[in-house]
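To start, the structure under review is shown below, and the notes come after it.
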Amino acid sequence: MIRVAGEVREALAGGGAVVALETTLVAHGFPPGEGVEVGLESERHVRAAGAVPATVGVLDGEVRVGLTEDELTRFAPDARKVGPRDLAAATVQRAVGATTVGGTLAVARAAGIRVLATGGIGGVHRGFPHPPDISADLGQLARTPAVVVSAGVKSLLDVPATAELLETLGVPVLGFRVDTLPLFYAAAGGPPVSARVETAEEAARMAAAHWKLGGAGLLLGRPPDEPLDDVEPLIEEALAAAATAGVSGQAVTPYVLAYLHRESGGRTENANKALVAQNARLAGEVAVAL
Ligand code: PSU
Ligand code: MN
């Protein structure tokens with residue numbers, strides 16, 4: 001059921017560096033038509049670090065690991081959002097399935113890939129338990145031996161609650177040259193990390209030790225190079241708009257991101273694109289070090 005592209009298969013067989021990339025942010029994280037360029041740019045950054053990109057998604061009844069540019073173009077806004085629970089359904093029903101961080105991690109585990117890059121992971125949504133919405137990214141991270149490189153947790157979530165839950169789940173939260181978890185658009189003000197690392201090599205050593213000790217997923221938080229520190233009022237506005245519009249479940253994150261991209265005049269969009277690329281580069285370096 002899983003088809004691994006030749007280049008990725010050869011890299012894995014030879015013990016080479018591979019980075020898994022998700023397709024939800026390609027399909028649902030940016031305005032229509034723009035996500036594909038973000039995905040391609042991520043792949044270029046992984047390669048620049050000396051690793052092989054393995055972009056994951058469901059196409060034509062198969063879970064695919066490694067996509068061509070034409071295939072990536074099929075991950076348009078009408079693609080299904082596929083978390084860990086949705087992989088089987090998307091495959092059996094031959095949907096175009098854009099995998100989230102959680103969905104991509106599940107595939108990475110099956111394929112033996114140890115590093116993944118994204119923008120910001122999902123987590124505990126604000127206002128929990130009204131509604132009781134926690135991203136499946138967390139549960140999958142707790143059971144997959146892989147390093148997820150992100151700009152921390154998306155700040156439209158309850159970041160302190162997410163950090164607590166990561167501790168509960170035994171997931172190390174590493175800060176890349178920082179003592180606090182980055183806040184997606186913003187760099188400072190987040191909860192403390194469980195350990196700070198100074199280099200990709202140190203992060204890789206930490207991951208290898210964690211796995212030897214029977215651990216699974218690790219989060220490596222990299223603050224954006226050009227953070228936006230004034231987005232919080234707009235985030236509150238976007239969340240209120242989502243509630244008023246009755247948006248719930250899987251639709252919340254895409255709705256809020258689209259609202260922010262539109263109402264910030266593209267500032268959050270540009271920041272998001274830049275940090276995804278930066279994370280892909282660091283993920284490539286961690287994969288090489290591993
Ligand atoms: N990072 C981004 N943009 C995104 C996401 C991450 O910069 O759109 C996606 C990832 O696929 C992540 C998902 O898994 O948001 C979380 O969605 P939810 O809260 O519904 O689990
Ligand atoms: Mn959810």
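First listed ligand is number 1; within each ligand, the first listed atom is number 1.
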Subject >> atom 7 (O) of ligand 1: nearest protein contact (heavy atom, Å) >> reply: N272 OD1, 2.9 Å
Original post:
For atom 20 (O) of ligand 1, what is the nearest protein heavy atom, given as residue, atom name and distance?
Top reply: K81 NZ, 2.7 Å
Subject >> Nearest protein heavy atom with distance in Å, relative to atom 21 (O) of ligand 1 >> reply: S135 OG, 2.7 Å
Subject >> Distance-only donor-acceptor check, side chains T55 and E43, under 3.5 Å >> reply: yes
**OP:** Taking all heavy atoms of P223 and all of F176, pick out the closest pair and write down the distance.
**Re:** CD-O, 3.7 Å
Original post:
For atom 15 (O) of ligand 1, which candidate among H125, K273, K154 holds the nearest heavy atom?
Top reply: K154
Original post:
Which atoms form the tightest heavy-atom contact between A280 and A117, and what is the distance?
Top reply: CA-CB, 3.7 Å
Original post:
Is it true that E37 and R44 make a salt bridge, defined as a side-chain N closer than 4.0 Å to a carboxylate O?
Top reply: yes
**OP:** Kindly confirm or rule out an N or O of T99 lying under 3.5 angstrom from an N or O of ligand 1.
**Re:** no
Subject >> Matching residue for T104 among L87, I113, L116, V65 - test: side chain to side chain contact (heavy atoms under 4.5 Å, CB included) >> reply: L116
Original post:
In terms of residue, atom name and distance, what is the protein heavy atom nearest to atom 4 (C) of ligand 1?
Top reply: L25 CB, 3.6 Å
**OP:** Have a look at V56 and tell me which of V4, L21, T99 forms a side chain to side chain contact (heavy atoms under 4.5 Å, CB included) with it.
**Re:** T99
Original post:
Which protein heavy atom lies closest to atom 11 (O) of ligand 1, and at what distance to 0.1 Å?
Top reply: E22 OE1, 2.6 Å
**OP:** If you have a sec, work out which protein heavy atom is nearest atom 6 (C) of ligand 1 and how many Å separate them, to one decimal?
**Re:** G120 O, 3.0 Å
Original post:
Which ligand 1 atoms are under 4.0 Å away from a heavy-atom of T118?
Top reply: 1 (N), 6 (C)
Original post:
Does the pair D60/R3 count as a salt bridge with the N-to-O cut at 4.0 Å?
Top reply: no
**OP:** Give yes if a backbone or side-chain nitrogen or oxygen of V101 is under 3.5 Å from a nitrogen or oxygen of ligand 1, and no if not.
**Re:** yes
Original post:
Salt bridge or not for R64 and E71, using N-O below 4.0 Å?
Top reply: yes
Subject >> Atoms of ligand 1 close to T100 [distance to a heavy atom under 4.0 angstrom, numbered from 1] >> reply: 11 (O), 14 (O)
Original post:
Can you list the ligand 1 atoms lying under 4.0 Å from a non-hydrogen atom of L257?
Top reply: 3 (N), 4 (C), 8 (O)
Subject >> Protein heavy-atom partner closest to atom 19 (O) of ligand 1 - residue, atom, separation in Å >> reply: T253 OG1, 3.0 Å
Original post:
So, does F30 sit close enough to ligand 1 that a heavy atom of it is under 4.0 Å from the ligand?
Top reply: no
Original post:
With atoms numbered from 1 as shown, which atoms in ligand 1 lie under 4.0 angstrom from a non-hydrogen atom of D137?
Top reply: 12 (C), 14 (O), 16 (C)
**OP:** Enumerate the atoms of ligand 1 whose separation from the nearest heavy atom of G29 is less than 4.0 angstrom.
**Re:** 8 (O)
Original post:
Under 4.0 Å between a Lys/Arg side-chain N and an Asp/Glu carboxylate O for K273 and E269?
Top reply: yes
Original post:
Tell me, which N, O or S atom in D133 is closest to the Mn ion (ligand 2)?
Top reply: OD1
Subject >> Salt-bridge criterion met for R267 and D230 (N-O under 4.0 Å) >> reply: yes
Subject >> Ion pair R126/E232, N-O distance below 4.0 Å >> reply: yes
**OP:** Please identify which atoms of ligand 1 are closer than 4.0 Å to at least one heavy atom of F184.
**Re:** 7 (O)
